[in-house]
**Student:** 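Input: one structure, supplied below.
Letters A, B, ... mirror the listed sequences (proteins, then strands); counts begin at 1. Treat the numbers as computed from the prediction; the structure is a model and nothing was measured.
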Amino acid sequence: MTPKVLCAGDQALAVEFSSRIDASVNARVIALAKSLGDDPLPGVRETVPSYRSLLVCYDPEAVRGAALAEAVQRRAAAISDAASASRLWRVPLLFGGSAGLDLEDLARMKSLSVEELIALFVSPEYRVYMIGFAPGFAYLGGLPALLHTPRLPTPRQRLEAGAVGIGGEQANINSVAGPSGWRFVGRTPLRLFDPARPEPFLLAAGDAVRFVPVSAAEAADLDAAVAAGETIVESEIR
Amino acid sequence: MSTTFSVLRSGPMTTVQDAGRPGLLHAGVSGSGPMDPPLFAIANALVGNADAAAGLEFAGMGGEFSVSAPVRVAVTGDADVRIAGEPVAAWESHDLLSGQTLRVGALQRGVWGYLAVSGGIATPPVLGSRATHLRTGIGGHEGRTLKAGDTLPLGETVAAPCLRMAEPFVREEGPIRVVPGPQDDYFDESAWDLLAGDGYTVSPTRDRMAQALEGPKIAAVRGHDIVSDGTPLGSLQVPGSGRPMVLMAERQTTGGYPKIGAVASVDLPRLGQISTGQPVRFVRISREDAENLLIDARRALRSRLADLMPKAGLVCDSGFLLDVNLIDGVAAVAENE
């Protein structure tokens, strides 16, 4: 799988592995990002992994784009798609409630009971394909096909941080409050982004996520723990 | 006792900015920072600040400010600037004494102006930077635009002469240059013809995130949806509405619209300075040419900053030095009151 190294202005290259969403493609993107992080090429400032492409930002005073494109191409050819250690997060999820605005509509659209929809939603292990759009905002792949649903025609003005939703064939966890056209099933007490924490960002591209349904009472306890600054979830390294 | 900077009145869009918040694009955090980095750098240099110091960015007009102890201030952008009611020149530094009001009035041209204060605005850094990111409410002063009544801490001022530029700062004119890619293959030649034409103006919905444009619709022949990928600064993207927009300092870090190109870095501040309703034309250039233009512009700016000159006359530095020496005495008086 030889990627295309595309021009993305005078300070960035886009290393495109595929035009599709695919876990093995995404693993290569993340492996190249890690390689460039561990053993940087001169002039590279930072990289942005996404589903199937890695943006490589560079300083043209330190390296010219044409030369860097060749070096990145060589580096990409040398990386393996052997899975590196990944982290699994068990994410508590309160279905319905103030954030689960679309739960019942989605069940009706899919001819499922709410219980069946919940069971289906929590059945897969999701993959964090990328963090983007907003600080710590996680795009998840692995949503069961029956739950694929187009975004709302008109976005809502404000969804709370922690809201969990569906957009097309993806799922997401909101990291900050803001407008969204996704369809939301509930919320997690976890904070994906908190600039005051020593580790401001909870999830990273390449992580795995399993949702664990919790009751309103359990969610309230977890909210209180999070508000008190306690760590309520640890990742498992695999 | 540290010096404070008080906001007596604020323009509609005055924020604390520093050189930006690099290194966190992978975590969804955009760089933010000034819309016009060269003007920001000049303002900082005029008051003797390091590149990394934080200052204020304003759109249209800045506001009215005062300080608790003498500082040097400089405004870049062609604004009407007054100290204690007296007009003073932009593009050079001036002493601002405690009790005096600095008024940064309307820009005569352009959109974004800068106010630097010696010592720099010393609000707490967030994720390594003081730059305000309005959309997520991080950095700067409480992550928001300034308003009357705000009080900001300042870093330590070191006494030094006021400075001016050896030559006025002038930008070249002409179309905004664009490097094609990474999804230029989603478009055909008609898109470039439209961009090169006289149909586009800057939309009133423009902000720190995007320079939205009004004008003819551009059709992406391969569709307006891509699998979301990283959005470099200056991305010229075309969403389903067909109205192109250029992603600016506060842009989202990833996006799902095809990017026909990216504005040459050297032209991005110039694009940001085009007023709402004014025309914008684009022209294609190669990556190599864009890199050369950026490298040349950076060298030229560094040389401009190295050539700042002490202002003529003795009033500025001697008066300033005198005032700095009096700080302890003033503070003692204040404590006795």
Side-chain angles (χ1 to χ4, degrees), chain A residues 4-16 18-22 25 29 33 37 45-61 63-66 69 129-139 168 170 175-178 192-193 195-196 200-201 203-205, chain B residues 22-31 125-128 133 135-139 143 177-185 222 225-236 252-256 259 261-268 285-295 298-299:
Chain A
K4 290 186 284 186
V5 182
L6 305 171
C7 183
D10 53 27
Q11 297 193 76
L13 303 170
V15 187
E16 208 172 280
S18 166
S19 57
R20 294 175 305 107
I21 297 178
D22 176 287
V25 168
V29 170
R45 285 178 156 158
E46 58 183 308
T47 64
V48 191
S50 55
Y51 284 102
R52 42 81 196 214
S53 171
L54 184 71
L55 191 72
V56 178
C57 302
Y58 67 93
D59 176 3
E61 275 186 285
V63 65
R64 301 302 289 254
Y129 275 86
M130 67 176 193
I131 305 291
F133 175 67
F137 184 104
Y139 288 86
Q170 309 160 70
S175 54
V176 293
L192 268 62
F193 171 60
F201 308 98
L203 303 181
Chain B
L24 292 173
L25 293 174
H26 68 277
V29 181
S30 79
V126 176
L127 301 173
H133 190 261
R135 196 156 156 274
T136 49
I138 61 172
R177 291 161 287 202
V178 176
V179 178
Q183 283 96 30
D184 51 320
D185 59 345
R222 286 179 56 195
D225 286 296
I226 61 166
V227 176
S228 291
D229 66 0
T231 43
L233 185 61
S235 293
L236 177 53
Q252 60 275 38
T253 56
T254 58
K259 297 169 281 293
V263 168
S265 300
V266 70
D267 282 349
L268 201 60
I285 63 168
S286 71
R287 168 169 67 194
E288 287 68 27
D289 287 349
E291 288 174 342
N292 286 335
L293 287 165
L294 177 62
I295 291 166
R298 284 193 192 159
R299 284 186 186 142

**Student:** What are the two closest heavy atoms between A:Ala12 and B:Pro232, and how far apart are they?
**Tutor:**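 That closest heavy-atom pairing would be CB-CB, 4.0 Å.
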**Student:** Between CG of A:Asp10 and CD1 of B:Ile285, what distance do you get to the nearest 0.5 Å?
**Tutor:**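 So the CG of A:Asp10 and the CD1 of B:Ile285 are separated by 7.5 Å.
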**Student:** For B:Ser286, is it the side chain, the backbone, both, or neither that has a heavy atom closer than 4.5 Å to a heavy atom of chain A?
**Tutor:**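 B:Ser286 has no heavy atom closer than 4.5 Å to chain A.
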**Student:** Under 4.5 Å heavy-atom distance to chain B, tell me which part of A:Cys7 shows up: side chain, backbone, both or neither.
**Tutor:**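 Both parts, heavy atoms under 4.5 Å.
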**Student:** Measure distances from A:Thr47 to the heavy atoms of chain B and classify the residue's part below 4.5 Å as side chain, backbone, both or neither.
**Tutor:**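 A:Thr47 touches chain B through backbone heavy atoms alone.
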**Student:** Looking only at atom types and distance, does a side-chain atom of A:Arg52 sit under 3.5 Å from a main-chain N or O of B:Val227, one as donor and one as acceptor?
**Tutor:**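 Checking the backbone N and O of B:Val227 against the side chain of A:Arg52, a donor-acceptor pair under 3.5 Å is found.
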**Student:** Okay, side chain of B:Gln252, backbone of A:Gly132: is any donor-acceptor separation there less than 3.5 Å?
**Tutor:**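 Checked: no pair found.
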**Student:** Checking heavy atoms, do the side chain of B:Leu24, its backbone, both or neither come under 4.5 Å from chain A?
**Tutor:**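 Both parts, backbone and side chain.
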**Student:** Charged N to carboxylate O below 4.0 Å: is that the case for B:Asp185 and A:Lys4?
**Tutor:**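 A:Lys4 and B:Asp185: not salt-bridged.
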**Student:** Is B:Asn292 close to A:Arg64 at the side-chain level, that is, under 4.5 Å between some pair of heavy atoms?
**Tutor:**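 Yes, close enough: below the 4.5 Å cut-off.
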**Student:** Where on A:Leu13 is there a heavy atom nearer than 4.5 Å to chain B: the side chain, the backbone, both, or neither?
**Tutor:**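 Contact with chain B involves the side chain of A:Leu13 alone.
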**Student:** Can you find a heavy atom in the side chain of B:Pro22 that is under 4.5 Å from one in the side chain of A:Arg45?
**Tutor:**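 Counting from C-beta outward, B:Pro22 and A:Arg45 never come under 4.5 Å.
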**Student:** How many angstroms lie between atom CG of B:Leu127 and atom CZ of A:Phe201, to the nearest 0.5 angstrom?
**Tutor:**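 Result: 5.0 Å between the selected atoms.
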**Student:** Hey, which of B:Pro180, B:Gly234, B:Ala27, B:Gly230 has the most heavy atom pairs under 4.5 Å with chain A?
**Tutor:**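 Counting heavy-atom pairs under 4.5 Å, the top option is B:Ala27.
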**Student:** Between B:Ser265 and chain A, which part of the residue has a heavy atom less than 4.5 Å away: side chain, backbone, both or neither?
**Tutor:**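 Contact with chain A involves both backbone and side-chain atoms of B:Ser265.
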**Student:** Can you tell which part of A:Ala66 gets under 4.5 Å to a heavy atom of chain B, answering side chain, backbone, both or neither?
**Tutor:**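 Answer is both: backbone and side chain atoms of A:Ala66 are under 4.5 Å from chain B.
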**Student:** Please classify the contact between B:Glu288 and chain A as side chain, backbone, both or neither, with a heavy-atom cut-off of under 4.5 Å.
**Tutor:**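 Answer is both: backbone and side chain atoms of B:Glu288 are under 4.5 Å from chain A.
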**Student:** Could you check which of B:Val29, B:Asp229, B:Val179 has the highest count of heavy-atom pairs closer than 4.5 Å to chain A?
**Tutor:**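 Ranked by contacts with chain A, first place is B:Asp229.
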**Student:** To the nearest 0.5 Å, what is the distance between OG1 (B:Thr136) and CZ (A:Phe137)?
**Tutor:**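 Rounded to the nearest 0.5 Å, the OG1-CZ separation comes to 13.5 Å.
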**Student:** Chain B heavy atoms under 4.5 Å from A:Ala14: which part of the residue, side chain, backbone, both or neither?
**Tutor:**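 The side chain, not the backbone.
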**Student:** Could you tell me whether the side chain of A:Glu46 and the main chain of B:Leu25 form a donor-acceptor pair under 3.5 Å?
**Tutor:**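 Pair found, side chain donor or acceptor close to backbone of B:Leu25.
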**Student:** If you count heavy-atom pairs under 4.5 Å between each of B:Gly181, B:Ala262, B:Gly137, B:Pro182 and chain A, which one has the most?
**Tutor:**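 Sorted descending by pairs with chain A, the first entry is B:Pro182.
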**Student:** Counting only heavy atoms closer than 4.5 Å, note whether A:Ser19 contacts chain B via side chain, backbone, both or neither.
**Tutor:**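 Only the backbone of A:Ser19 comes within 4.5 Å of chain B.
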**Student:** Taking atom CG of A:Leu55 and atom OG1 of B:Thr231, what is their separation to the nearest 0.5 Å?
**Tutor:**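 It comes to 7.5 Å.
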**Student:** Please round to the nearest 0.5 Å and tell me the distance separating atom CG of A:Asp59 and atom CD1 of B:Ile295.
**Tutor:**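 CD1 of B:Ile295 is found 8.0 Å from CG of A:Asp59.
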**Student:** If you count heavy-atom pairs under 4.5 Å between each of B:His26, B:Gln183, B:Arg299, B:Glu291 and chain A, which one has the most?
**Tutor:**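 Result: the option with the highest number of such pairs is B:Glu291.
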**Student:** Supply the atom-to-atom distance A:Tyr129 OH to B:Thr254 OG1, rounded to the nearest 0.5 angstrom.
**Tutor:**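 Those atoms lie 15.5 Å apart.
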**Student:** Is the closest side-chain heavy-atom distance between B:Thr253 and A:Met130 below 4.5 Å?
**Tutor:**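 The answer is no, as the side chains (C-beta and beyond) never meet within the 4.5 Å cut-off.
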